[in-house]
Amino acid sequence: MKFYILTLFPEMVINGLNTSIIGRATEAGILDIEAIDIRDYSANKHHKVDDYPYGGGAGMLMQAQPVYDAWKSIVNRINKKPRCIYTTPQGNTFTQKSAKDFAMEEDIILLCGHYEGIDERVLEEIVTDYISIGDYVLTGGELPAMVMVDAISRMVPGVLGNGESGSSESFEGNLLEYPQYSRPEEWKGKKVPEVLLSGHHKNIEQWRRQQSLLVTSKRRPDLLKQAKLTKQEQKWLKEQK
Ligand code: ADE
């Protein structure tokens, strides 16, 4: 899968995405992440990319021309128009479901905003998806783009190794993941739950499922409402309260 990131800070996104699992998948050729410097496409002799907003108001806006030309250079090069995500607090909230959905694409363009935003006219021309990573405002779109590339990439087949499966983790079936323990068996007087040492796979599976239900009901009751529970599980969960 290939990501094209349109940004004023290419080093920031590349340096942030070349380590650990994403870095390894890039080296293996499963992912390709290219940062395109919007400034390189400015028609202005001083490489200016921003200007004052018509009608007045605080701050500067990114101008349409450099953004459009940077986007067009990709489209001309690959001869198709991939989905183009604009990172904005005004967008739909990014979720695990959206990560899985975007992971089906072969190419994705991410447009990182800066200053007070981008001239509306170029957004209308090129953006297919307006996406926010949460209800707070950041200084630029680079961190959101990195968050999205990370979450989308994990869902691309081959990016996670065998030992790092994405199927038993948080948000699967609208439940959070169960608690996990490693060695030693006892730490600061706290013991690993007995069932996990039993080697009894069926019991372990049941315990984990119940712990998922418990942790979700405690921390994310809103999620639990969307989860599919058996009658028996609903009854069991009620008894725990
Ligand atoms: N740009 C600034 N804040 C943002 C947010 N919360 N999500 C996506 N892009 C943003």
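In what follows, every heavy atom counts, from backbone to side chain, and hydrogens, waters and symmetry copies are set aside. Source: prediction; values computed, not measured.
Within 6.0 Å of CD in E186 there are more than 12 heavy atoms belonging to other residues, nucleotides or ligands. Other residues, nucleotides and ligands contribute at most 12 non-hydrogen atoms within 6.0 Å of the CD atom of E106. Applying the 6.0 Å contact sphere to CD of Q232 captures no more than 12 heavy atoms from other residues, nucleotides or ligands. Remark: D135 CG is loosely packed, at most 12 non-hydrogen atoms of other residues, nucleotides or ligands lying under 6.0 Å away. The environment of R83 atom CZ is dense: over 12 non-hydrogen atoms of other residues, nucleotides or ligands sit within 6.0 angstrom. Heavy atoms from other residues, nucleotides or ligands lying under 6.0 Å from CD of E185 number 12 at most. Summarising the local packing, CZ of R77 is surrounded by more than 12 heavy atoms from other residues, nucleotides or ligands at distances under 6.0 Å. Environment of OH in Y52: sparse, with no more than 12 heavy atoms of neighbouring residues, nucleotides or ligands closer than 6.0 Å.
Looking only at distances, no side-chain donor or acceptor of S20 sits under 3.5 Å from a matching main-chain atom of I22. Under a 3.5 Å cut-off, the side chain of D50 and the backbone N or O of M60 do not form any donor-acceptor pair. Formation of a donor-acceptor pair under 3.5 Å by the S42 side chain with backbone atoms of R39 is not found in this model. Side-chain atoms of Q65 come within 3.5 Å of backbone atoms of A43 as a donor-acceptor pair (strictly under, hydrogens ignored). Of the possible polar contacts, none joining the S132 side chain to the T93 backbone as a donor-acceptor pair under 3.5 Å is found.
Looking at E172 and K100, a side-chain N of the basic residue comes within less than 4.0 Å of a carboxylate O on the acidic one, giving a salt bridge. A salt bridge is defined here as a Lys NZ or Arg NE, NH1 or NH2 lying under 4.0 Å from an Asp or Glu carboxylate O, and D119 with R121 meets this definition.
The two residues G16 and T19 have their closest heavy-atom pair at O-OG1, 4.3 Å. Scanning all heavy atoms of the two residues, the minimum distance from V67 to Q63 falls at CG2-O, 3.5 Å. Closest of all the heavy-atom pairs between A227 and G173 is CB-O, 3.5 Å. Taking every heavy atom of both residues into account, L111 and Y86 meet most closely at O-CD1, 3.4 Å. In terms of heavy-atom proximity, I118 sits nearest to G113 at CD1-CA, 4.0 Å. The minimum heavy-atom distance linking T7 with A35 is given by the pair CG2-CB, 4.3 Å.
Contact of the I33 side chain with the T26 side chain is registered, since non-hydrogen atoms from C-beta on lie closer than 4.5 Å. Side-chain contact between Y181 and K191: absent, with no pair of heavy atoms (C-beta onward) separated by less than 4.5 Å. Side-chain contact check for W207 versus E194: every heavy-atom pair is 4.5 Å or farther apart. The side-chain heavy atoms of L8 and C112, taken from C-beta on, include no pair separated by under 4.5 Å. Using a 4.5 Å heavy-atom cutoff, the side chains of L6 and I74 are in contact. F94 places a side-chain heavy atom less than 4.5 Å from the side chain of M148. Looking at M1 and I108, their side chains come closer than 4.5 Å, going by heavy atoms from C-beta outward. In this structure, Y41 and I36 have side chains that are in contact, with non-hydrogen atoms separated by less than 4.5 Å.
The distance from the NZ atom of K72 to the NZ atom of K81 is 6.5 Å, given to the nearest 0.5 Å. To the nearest 0.5 angstrom, D129 atom CG is 11.5 Å from I109 atom CD1. From Q206, atom CD reaches atom NE2 of H201 across 15.0 Å, with rounding to the nearest 0.5 Å. Taken from CG in L143 to CZ in F9, the straight-line distance is 11.5 Å, to the nearest 0.5 Å. Note that OG of S212 is 10.0 Å distant from CD of E233, once rounded to the nearest 0.5 Å. Atom CG of residue L123 and atom SG of residue C84 lie 9.0 Å apart, to the nearest 0.5 angstrom.
Residues I38 and I78 are members of one and the same hydrophobic cluster, defined by side-chain heavy-atom contacts under 4.5 angstrom among Ile, Leu, Val, Met, Phe, Trp and Tyr. I204 and L176 fall into different hydrophobic clusters, defined by Ile, Leu, Val, Met, Phe, Trp and Tyr side-chain heavy atoms under 4.5 Å apart, directly or through other members. Linking ILVMFWY side-chain heavy atoms closer than 4.5 Å, directly or via other members, places Y54 and Y115 in two distinct hydrophobic clusters. Following chains of ILVMFWY side-chain contacts shorter than 4.5 Å, one cannot reach W187 starting from V192, and the two form parts of different hydrophobic clusters. Hydrophobic clustering (ILVMFWY, side-chain heavy atoms < 4.5 Å, transitive): I5 and V156 are in one cluster.
Alongside L61, the hydrophobic cluster contains no other residue (criterion: ILVMFWY side chains under 4.5 Å). Side-chain heavy-atom separations under 4.5 angstrom define the hydrophobic clusters, and the remaining members of the one that includes L175 are L213, L214, L224, L229, W236, L237.
Shown are V13, L17, I85, L31; of these, the side chain to side chain contact (heavy atoms under 4.5 Å, CB included) with V149 is made only by L17.
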Checking side chain to side chain contact (heavy atoms under 4.5 Å, CB included) for the pair L138/I133: CA distance, chi angles, key distance, verdict?
CA-CA 10 Å; L138 299 163; I133 62 163; 4.0 Å; yes
Start with the C-alpha distance between M155 and M104, add both sets of side-chain angles, then the distance that settles side chain to side chain contact (heavy atoms under 4.5 Å, CB included), and finish with yes or no.
CA-CA 9 Å; M155 292 296 113; M104 317 267 265; over 6 Å; no
Please step through side chain to side chain contact (heavy atoms under 4.5 Å, CB included) for the pair V122 and W71, ending with a clear verdict.
CA-CA 10 Å; V122 68; W71 172 83; over 6 Å; no
Stepwise side chain to side chain contact (heavy atoms under 4.5 Å, CB included) check, V215 with Y178
CA-CA 7 Å; V215 74; Y178 47 80; over 6 Å; no
